[in-house]
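See below for the structure under consideration.
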2 protein chains.
Amino acid sequence: MIRKINCSRNMAEKTPPNKPTESELEILQLLWEHGPSTVRFVNDELSKNKETGYTTTLKLMQIMHEKGFVERDEAGRSHVYKAAIEESATQKQLLDRFLETTFRGSALKLVMQALGNRKTSEQELNEIRNLLDKLKGNAK
Amino acid sequence: MIRKINCSRNMAEKTPPNKPTESELEILQLLWEHGPSTVRFVNDELSKNKETGYTTTLKLMQIMHEKGFVERDEAGRSHVYKAAIEESATQKQLLDRFLETTFRGSALKLVMQALGNRKTSEQELNEIRNLLDKLKGNAK
DNA sequence: AATTTATTACGAAAATTTTCGTAGAAAATA
DNA sequence: TATTTTCTACGAAAATTTTCGTAATAAATT
């Protein structure tokens, strides 16, 4: 079997972009939250926060489709897009990166910062406490 | 008489504190960690992780200077740069943004995700526990 | 049927971020 | 002193991300 080895640093061939851009992430949020949606709907939602041209949103979603971040149902006239990657997995990936670049990998610092400067309900604090208990068990 | 006023320096200082780009953040990390540093040092540090041209790093740091993210001492031949923005303040700003775009503002989800999928030392867990106790006190 | 509206596809402009080459000067070295 | 190395300044190329204009077509409306 002969295999073609691409030595160049830029193998743009099939390397799938693994990280959504910020704009793409905004759209993914909406798809995760509302389920399968049309471009029209997504654009309306985005427009609540910032002025966004329809074709801009369309183009973004088409690109996301190419990248494999979303699937779409082309049966009807207006295509229906849905997220093709899981929310929690994506969050984890982004968190890992964020943790590294912003907190030098210290989850502790991030957590302290996240909890320290924010109002967190009693119930939420308890949930975290429970999590800590579980982790304490595993750590040994 | 109408006169064109050159206020480039002032404007650079007054422009709204934008958020650092990812590359800029990497450099800020190093400055926060090691204190005032030369371009050479920063570039050497960066090169440990990824191939980085010297002038690339230089240019980035010059841009950061224009943006007001760093100050520099031009006394010697090689300028000495130091961070002009605080680490914790920057982290908070970035965290707020990240929290919104990735976790829809839920600090709880972020914390759970951050602690759940990671090995955290006993000591760190205790620190968080202490923080929780303090917060519990305040919450009432 | 004719017209208006809504949608996709597509290319390219615009904007932003990153990388690099070159020139000139200062310093170090041979 | 002559040469090499090291540094800054600066412009611009390259790469990435975001925005938008236009054409084609299907659907809806008049």
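Below, read A as the first sequence line, B as the second, and so on, with proteins coming before strands; counting in each chain starts at 1. Scope of the values below: all heavy atoms of this structure, side chains included, with no hydrogens, waters or symmetry mates. Quick caveat, the model's predicted, so the values are computed rather than measured.
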Rounded to whole Å, how long is the line connecting atom [atom1] of [X] with atom [atom2] of [N]?
{"X": "A:E22", "N": "D:dT17", "atom1": "CD", "atom2": "P", "result": "11 Å"}
{"X": "A:E26", "N": "D:dT18", "atom1": "CD", "atom2": "C1'", "result": "11 Å"}
{"X": "B:M64", "N": "C:dT17", "atom1": "CE", "atom2": "C1'", "result": "13 Å"}
{"X": "A:N43", "N": "C:dT8", "atom1": "CG", "atom2": "P", "result": "11 Å"}
{"X": "A:H79", "N": "D:dT25", "atom1": "NE2", "atom2": "P", "result": "15 Å"}
{"X": "B:Y81", "N": "D:dC7", "atom1": "OH", "atom2": "C1'", "result": "10 Å"}
{"X": "B:E24", "N": "C:dT19", "atom1": "CD", "atom2": "C1'", "result": "14 Å"}
{"X": "A:K19", "N": "C:dT17", "atom1": "NZ", "atom2": "P", "result": "13 Å"}

Problem - Of the listed nucleotides C:dT18, D:dT18, D:dC7, the one nearest the side chain of B:T21 - result: C:dT18
Practice task
Please tell me which of the listed nucleotides, D:dC7, D:dA27, C:dT8, lies nearest to the side chain of A:R77?
Solution key: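 Closest nucleotide to the A:R77 side chain: D:dA27.
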Practice task
Using heavy atoms to find the nearest nucleotide of DNA chain C for B:S23 and A:V80 separately, return the residue whose nucleotide is more 5′.
Solution key: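 Closer to the 5' end of DNA chain C: A:V80.
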Handout entry: Of residues 53-62 of chain A, the positions that come close to DNA chain C - non-hydrogen atoms, cut-off under 4.0 Å
Key =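 Here the set is A:Y54, A:T55, A:L58, A:K59, A:Q62.
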Practice task
Look at the side chain of B:W32 and the backbone N and O of B:I85, then say whether any donor-acceptor pair between them is shorter than 3.5 Å.
Solution key: yes
Exercise for the section: Would you confirm whether B:Q91, through its side chain, and A:L110, through its main-chain N or O, come within 3.5 Å as a donor-acceptor pair? Expected result: no
Problem - Short side-chain N/O contact from A:R72 to OP1 or OP2 of C:dA9, under 4.0 Å - result: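 Yes, such a contact exists.
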Problem - Pairwise side-chain contact, B:S78 with B:V39, heavy-atom cut-off 4.5 Å (strictly under) - result: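 No, side chains not in contact.
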Fill in the blank from the handout: In terms of heavy-atom contacts, A:P36 and A:V80 come closest through CB-CG1, 3.6 Å
Problem - B:Y81 and B:H65 aromatic ring geometry - parallel, tilted or perpendicular at 30°/60° bounds - result: perpendicular
Problem - Sidechain N-carboxylate O distance under 4.0 Å for B:D96, B:K92 - result: yes
Practice task
State whether B:R97 and B:E100 are salt-bridged, where the test is any N-O pair (Lys NZ or Arg NE/NH1/NH2 against Asp/Glu carboxylate O) under 4.0 Å.
Solution key: no
